[in-house]
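Take a look at the structure set out below.
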Amino acid sequence: MLEAGKPATRLKSETLQVLLERGLVNQASDLEALDARLAEGPVTVYAGFDATAGSLHVGHLMPLMAMRWMQKLGHRPIAVLGGGTTQVGDPSFRNEARPLLNDLQISANVAGIRRCIDRLVDMSGEDGAIMVDNAEWLTEFRFLEFLRDYGSQFTVNRMVTFESVKSRLEAQSPLTVLEFCYMMLQAVDFLELSRRYNCEMQIGGSDQWGNIVNGIELGRKADGRKLHGLTVPLLTTAGGAKMGKTAAGAVWLHPEHLSPFGFWQFWRNTADADVGRFLRLFTELPINEVERLSLLQGNELNEAKKILSTQVTAIVHGAEEARTALEQGEALFSGDGDLTDPTHVLPRECLSEGLGLLELLVRIGFADTNGEARRLVEGGGVRLNRQVIEDVRRQISVGDLQAEDRLAVAVGKRRKALVGFS
RNA sequence: GGAGGAGUGCCCGAGUGGCUAAAGGGGACGGACUGUAAAUCCGUUGGCUAAGCCUACGUUGGUUCGAAUCCAACCUCCUCCA
């Protein structure tokens with residue numbers, strides 16, 4: 001295992017040096033061979049994304065950043081959408097089977113994910129990145145044909161040794177043949193991509209190690225090709241916790257799942273101890289700049305957090321959105337600023353019909369239930385137009401509206417909304 | 001196949017007939033402090049039209065005025081034996 005950020009002087013390839021320096025390397029199948037290959041010239045590299053949700057989240061940013069760096073350095077990325085593999089469900093490190101998604105959900109999810117990836121790798125031009133859906137080939141196989149061609153290349157003996165399925169087997173929790181075959185499918189993906197696009201390298205999360213290794217072995221057995229694998233580290237906080245959750249849920253990359261401002265806020269709230277590492281991982285600032293920012297202390301570190309937030313938001317949502325988010329953040333948190341554009345719009349009629357404070361909080365998503373809203377109010381965490389309200393029976397009326405019929409609602413220090421009525 | 005043990009709220013875990021919407025811890029959220037950080041302290045943490053009602057301790061039935069707690073069957077997991 002390699003240590004992130006450690007300058008690797010013995011490496012020949014710039015690519016691997018950059019990835020290491022950025023902290024994007026967890027383990028590699030054959031580091032020296034990979035280094036030699038990368039030093040030789042451009043390679044085609046792929047990472048796969050299963051369509052289990054309508055958006056990718058911050059965890060997926062790691063392999064995507066690795067692909068961006070590689071593209072910058074002249075390599076060609078392929079983003080593989082798991083339209084086929086999602087029909088099976090990856091059992092890696094899971095203690096029970098995932099609920100299976102139907103075709104409709106999968107294709108909707110594929111569309112959302114496509115949109116996320118689109119922003120992160122450059123698809124333009126002849127040498128641009130490629131996006132493919134593995135349903136393209138996986139759905140074409142006939143069962144007997146598949147078993148004969150590929151089933152013969154895998155032994156169950158070997159397959160059960162993988163850490164990713166071990167705990168499931170040891171716990172005697174049922175692992176269906178369907179799920180068990182997932183690793184074969186991902187291996188076939190790699191083989192297929194090597195044949196179609198001359199793809200020689202796969203990047204994935206550390207939980208993908210077993211699946212990647214299977215692909216490498218299949219490439220060697222079936223075609224006698226030398227394929228390479230690289231995993232990125234698991235995204236954790238300095239506290240060691242798995243990362244990517246906020247009060248509002250997962251940190252999604254798709255703007256319809258999480259607003260660019262919400263995304264910016266997530267990064268703005270990074271713990272001090274994580275700033276340096278995150279700047280390295282999720283921005284493209286030169287490494288000496290990253291180091292300079294990491295050395296800031298105390299209050300000054302907040303500047304680094306803003307830079308981090310704005311940089312990452314720019315990569316995921318675009319420079320324009322990032323600037324807006326930064327401005328919003330500044331306005332909202334430096335003194336008496338308020339949001340300028342409504343974040344939610346409710347029909348005007350609900351005012352005359354009688355809109356309770358609790359209902360309002362639920363409607364704008366600041367609470368899941370009336371009970372939760374009640375607790376927030378009782379705890380003194382709710383403000384209307386910057387006034388703390390502790391009356392749970394408070395009704396919202398026309399008199400509460402400020403200029404342009406707007407109502408500023410805030411919960412806690414960080415959740416703020418501007419509700420418009422029309 | 002035989003014997004024993006276990007399944008509790010988001011997670012871990014106490015609870016062996018009424019005082020139990022269920023101890024304690026973690027997490028999460030709110031408050032104080034601060035730097036939109038960490039640490040610390042305080043509070044909250046099933047739902048509802050909140051007085052009251054409803055739903056909850058693997059599942060389904062049963063005993064009882066009353067069950068997370070007792071009984072039966074079933075499901076799942078763990079340990080030991082074959």
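These numbers come from the heavy atoms of this one structure, side chains and all, not from hydrogens, waters or symmetry mates. Just so we're on the same page: letters track the sequence lines, and every chain starts at 1.
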Collect all protein-nucleotide pairs involving nucleotides 31-34 of chain B in which both atoms are nitrogen or oxygen and the distance is under 3.5 Å.
unit_1: B:rC33; atom_1: N4; unit_2: A:Lys413; atom_2: NZ; d: 3.1
unit_1: B:rU34; atom_1: O4; unit_2: A:Lys413; atom_2: NZ; d: 2.9

Spacing of the [atom1] atoms in [M] and [N] (rounded, Å):
| N | M | atom1 | result |
| --- | --- | --- | --- |
| B:rG9 | B:rC81 | C1' | 37 Å |
| B:rU79 | B:rA28 | C1' | 36 Å |
| B:rA67 | B:rU59 | P | 16 Å |
| B:rG66 | B:rG15 | P | 26 Å |
| B:rA6 | B:rU55 | P | 29 Å |
| B:rA22 | B:rG52 | P | 15 Å |
| B:rG2 | B:rU69 | P | 27 Å |
| B:rG17 | B:rG13 | C1' | 22 Å |

Distances under 3.5 Å between nitrogen or oxygen atoms of protein and nucleotides 45-47 of chain B:
unit_1: B:rG47; atom_1: OP1; unit_2: A:Thr369; atom_2: OG1; d: 3.0
unit_1: B:rG47; atom_1: OP1; unit_2: A:Arg375; atom_2: NH2; d: 3.4
unit_1: B:rG47; atom_1: OP2; unit_2: A:Arg375; atom_2: NH2; d: 2.6

**Prompt:** So, A:Glu289 and A:Arg292, do they make that salt bridge, N to O below 4.0 Å?
**Reply:** yes
**Charged N-O contact under 4.0 Å between A:Asp118 and A:Arg115** = no
**Asked** What parts of residues 358-368 of chain A reach RNA chain B, counting only heavy atoms under 4.0 Å away?
**Response** none
**Message:** So, using salt bridge (charged side-chain N to carboxylate O under 4.0 Å, His left out) as the criterion, who are the partners of A:Asp149 when residues are at least two apart?
**Reply:** none
**Prompt:** Does A:Glu192 have any salt bridge (charged side-chain N to carboxylate O under 4.0 Å, His left out) partners at least two apart in sequence or in another chain, and if so, which?
**Reply:** A:Arg196
Could you check which of [options] has an atom nearest any side-chain atom of [X]?
| X | options | value |
| --- | --- | --- |
| A:Lys305 | B:rG35, B:rU36, B:rC29 | B:rG35 |
| A:Arg374 | B:rA38, B:rG35, B:rA50 | B:rA50 |
| A:Phe333 | B:rU36, B:rG35, B:rA38 | B:rU36 |

**Item:** A:Thr310 side chain to A:Trp264 side chain, donor-acceptor N/O pair below 3.5 angstrom
**Value:** yes
**Prompt:** Looking at residues at least two apart in the chain, or sitting in another chain, which of them share a side chain to side chain donor-acceptor pair (under 3.5 Å) with A:Lys72?
**Reply:** A:Glu284
**Request:** Applying side chain to side chain donor-acceptor pair (under 3.5 Å), name anything that partners A:Thr313, two or more places apart in sequence or on another chain.
**Result:** none
Distance, rounded to the nearest Å, where [X] contributes [atom1] and [N] contributes [atom2]:
| X | N | atom1 | atom2 | value |
| --- | --- | --- | --- | --- |
| A:Glu303 | B:rU36 | CD | C1' | 13 Å |
| A:Phe263 | B:rU36 | CZ | P | 21 Å |
| A:Leu355 | B:rU49 | CG | P | 13 Å |
| A:Glu378 | B:rG30 | CD | C1' | 11 Å |
| A:Leu308 | B:rA37 | CG | P | 15 Å |
| A:Asn302 | B:rU36 | CG | C1' | 7 Å |
| A:Gln328 | B:rU36 | CD | P | 17 Å |
| A:Asn299 | B:rA38 | CG | P | 14 Å |

**Complete:** Residue pairs meeting salt bridge (Lys or Arg N to Asp or Glu O under 4.0 Å), one or both in residues 299-309 of chain A, sequence neighbours left out, come to A:Asp272-A:Lys305, A:Glu303-A:Lys306, A:Lys306-A:Glu330
**Fill in**
Paired with A:Phe282, the side-chain contact (heavy atoms from CB on, under 4.5 Å) test is passed by just one of A:Thr270, A:Val312, A:Val58, namely A:Val312
**Asked** Quick one: which of A:Thr139, A:Asp50, A:Thr85 gives a side-chain hydrogen bond (donor to acceptor under 3.5 Å, both in side chains) with A:Asn134?
**Response** A:Thr85
**Message:** For A:Arg406, give me all partners under side chain to side chain contact (heavy atoms under 4.5 Å, CB included), at least two apart in sequence or on another chain.
**Reply:** A:Pro342, A:Glu404, A:Leu418
**Request:** For A:Gln71, enumerate each residue passing the side chain to side chain contact (heavy atoms under 4.5 Å, CB included) test, keeping only those at least two apart in sequence or located in another chain.
**Result:** A:Pro77, A:Val121, A:Asp122, A:Ala129
**Minimum-distance pair of heavy atoms, taken over all atoms of A:Met123 and A:Met131** = CE-CE, 3.2 Å
**Asked** Do any side-chain nitrogens or oxygens of A:Arg415 fall under 4.0 Å of OP1 or OP2 in B:rG30?
**Response** yes
**Dot-bracket encoding of pairs in RNA chain B, which uses [ ] for pseudoknotted crossings and | for another strand, Watson-Crick or G-U under 3.5 angstrom** = ((((((((.[[[..)..(.....]]]((((((.......))))))(((...)))...[[[[[..)....]]]]]))))))).
**Request:** Taking the six-membered ring of A:Phe333 (Phe, Tyr or Trp), confirm whether the NZ or CZ of A:Lys416 is under 6.0 Å from its centre and within 45° of its axis.
**Result:** yes
**Request:** Tell me what A:Gln265 touches on the nucleic acid: a base, only sugar-phosphate, or nothing, going by heavy atoms under 4.0 Å.
**Result:** base
What donor-acceptor contacts under 3.5 angstrom involve side-chain atoms of residues 207-214 of chain A, with partners at least two apart or in another chain?
unit_1: A:Gln208; atom_1: OE1; unit_2: A:Gln186; atom_2: NE2; d: 3.1
unit_1: A:Gln208; atom_1: OE1; unit_2: A:Asn211; atom_2: ND2; d: 3.0
unit_1: A:Gln208; atom_1: NE2; unit_2: A:Asp90; atom_2: OD2; d: 3.0
unit_1: A:Asn211; atom_1: ND2; unit_2: A:Asp90; atom_2: OD2; d: 3.3
unit_1: A:Asn211; atom_1: ND2; unit_2: A:Gln186; atom_2: OE1; d: 3.3
unit_1: A:Asn214; atom_1: ND2; unit_2: A:Gly210; atom_2: O; d: 3.2

